[in-house]
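Note sheet for the following structure.
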Amino acid sequence: MFKLNMDLKQSYYDTINALTKALEAKDRYTLGHSKSVEKLAVYLCREAGFSEAHTEMVRIAALLHDVGKIGIVENILNKPGKLSKEEYDHIKQHPVSGYEILKDVPFLKNVRYWVRYHHEWYNGNGYPDGISGRQIPLEAEILAIADVFDALVSDRPYRNAYTREEAYKIIVDSEGTQFSPRIIKLFKKAYEKNKEDFKHDF
């Protein structure tokens, strides 16, 4: 029974890695992004006091947070300039697409919601559902802040990467709007303890 459970667990990870690689093959600008988000999410989970099992599920969510981009047209994903409103609206569908991809996998019952909500804002100005405050699960907040930090310290087709210190300031200054006070508190603690690892290095 133990071997069966381990084999099943390995098959889940193999599937997750295959989905991540499929996305990165399509979107060259996010190569390594999911792995970086996973790394930062683990530090935030530790500060939140999550158990090892709970942290493992957040790690899986981090790897799959952008899986919905598989359904986004490639010329929009890899566009070198600023997106039009229509193109941006198309991109904004990826959390819902990710939720739909994951919703029928029993093992990922909670993960699907964290993926759906990782672009929601504390003040309600996020997407896709416009939820706010404590309606946003802490796990989704962890994904969101790790996602934004890695995006800021990575080169993008429309801008160069910010320094680690610049990215830190941008995030901290977003307390009360994009990010909740509780996730900013966890972020500050995780950053101070693991500053050298807060970088895009995959």
Side-chain angles (χ1 to χ4, degrees), residues 2 4-27 29-70 94-120 136-154 164 167-168 171 179-180 182-202:
F2 176 77
L4 182 64
N5 285 336
M6 291 302 293
D7 288 346
L8 183 61
K9 187 175 182 180
Q10 186 59 50
S11 71
Y12 278 129
Y13 279 110
D14 289 344
T15 302
I16 289 162
N17 284 324
L19 284 169
T20 303
K21 286 177 181 177
L23 173 60
E24 291 184 341
K26 183 173 183 176
D27 183 6
Y29 292 111
T30 60
L31 184 63
H33 172 64
S34 295
K35 292 295 294 180
S36 289
V37 172
E38 177 195 15
K39 176 186 67 175
L40 300 181
V42 169
Y43 292 135
L44 290 157
C45 286
R46 288 175 185 168
E47 295 305 323
F50 287 179
S51 67
E52 186 175 332
H54 194 169
T55 298
E56 187 172 355
M57 295 310 296
V58 177
R59 288 180 61 194
I60 291 169
L63 291 171
L64 294 174
H65 76 282
D66 275 342
V67 70
K69 286 185 178 178
I70 288 174
H94 80 269
V96 175
S97 297
Y99 171 87
E100 292 296 327
I101 289 169
L102 303 176
K103 73 175 184 178
D104 294 324
V105 183
F107 173 65
L108 302 175
K109 181 174 67 173
N110 293 322
V111 167
R112 59 184 171 174
Y113 290 106
W114 307 339
V115 167
R116 183 182 181 105
Y117 297 144
H118 79 276
H119 278 291
E120 299 291 356
I136 306 170
L138 179 56
E139 296 86 351
E141 290 190 89
I142 287 172
L143 296 184
I145 207 162
D147 183 28
V148 170
F149 186 89
D150 187 67
L152 289 171
V153 296
S154 304
R164 177 167 47 208
Y168 176 84
I171 285 179
F179 300 115
S180 71
R182 68 172 176 174
I183 195 62
I184 290 293
K185 183 178 180 181
L186 296 179
F187 174 76
K188 286 179 176 178
K189 288 181 178 179
Y191 181 85
E192 287 304 316
K193 291 179 182 178
N194 310 279
K195 188 179 296 186
E196 295 306 312
D197 282 339
F198 272 67
K199 58 185 177 180
H200 181 82
D201 57 0
F202 288 94

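The side chain to side chain donor-acceptor pair (under 3.5 Å) search around Glu38 returns Lys35, Arg59, not counting sequence neighbours. For Arg164, the side chain to side chain donor-acceptor pair (under 3.5 Å) criterion is met by no residue, not counting sequence neighbours. For Arg182, the salt bridge (Lys or Arg N to Asp or Glu O under 4.0 Å) partners two or more places apart in sequence, or in a different chain, are Glu141. For Lys195, there are no side chain to side chain donor-acceptor pair (under 3.5 Å) partners two or more places apart in sequence or in a different chain. In this view, Asp197 and Tyr43 satisfy the side chain to side chain donor-acceptor pair (under 3.5 Å) rule, not counting sequence neighbours. Partners of Phe179 by ring-ring contact (aromatic ring centres under 6.0 Å, His included), not counting sequence neighbours: none found.
Interatomic distance, OG of Ser180 versus CG of Leu186, reported as 8.0 Å (0.5 Å rounding). Ile183 contributes atom CD1, which lies 9.5 Å from atom CD of Glu139 (distance to the nearest 0.5 angstrom). Interatomic distance, CD1 of Ile184 versus CD1 of Ile145, reported as 4.0 Å (0.5 Å rounding). Note: Asp66 CG to His118 NE2 = 4.5 Å, rounded to the nearest 0.5 Å. Between the CD1 atom in Ile60 and the CG atom in Leu102 there is a gap of 10.5 Å [rounded to 0.5 Å]. The distance from the OG atom of Ser51 to the CE atom of Met57 is 11.0 Å, given to the nearest 0.5 Å.
Between Phe149 and Phe198, the ring planes are perpendicular. Angles over 60° get that label, and only those under 30° would be called parallel.
The heavy-atom pair separating Arg112 from Lys103 by the smallest distance is NH1-O, 2.9 Å. Scanning both residues, Val115 and Ala61, for their nearest heavy atoms gives CG2-O, 4.1 Å. Across all their heavy atoms, Ala146 and Ala41 have their closest contact at CB-N, 4.1 Å. Across every non-hydrogen atom of Leu63 and Ser34, the tightest pair is O-OG, 3.5 Å. Listed here is the closest heavy atom pair of Ala190 and Leu44: CB-CD2, 4.1 Å. Nearest heavy-atom pair across Gly98 and Val67 is CA-CG1, 3.8 Å.
Using a 4.5 Å cut-off on side-chain heavy atoms (C-beta onward), Lys39 and Lys199 make contact.
Here the side chain of Lys189 pairs no donor or acceptor atom with the backbone of Ala48 at under 3.5 angstrom.
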One pair to check against side-chain contact (heavy atoms from CB on, under 4.5 Å): Cys45 and Ile142. What are the steps and the verdict? CA-CA 8 Å; Cys45 286; Ile142 287 172; 4.1 Å; yes
Stepwise, does the side-chain contact (heavy atoms from CB on, under 4.5 Å) test hold for Arg46 with Lys193? CA-CA 11 Å; Arg46 288 175 185 168; Lys193 291 179 182 178; over 6 Å; no
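Here the two rings, on Tyr168 and Phe187, have centers that are under 6.0 Å apart.
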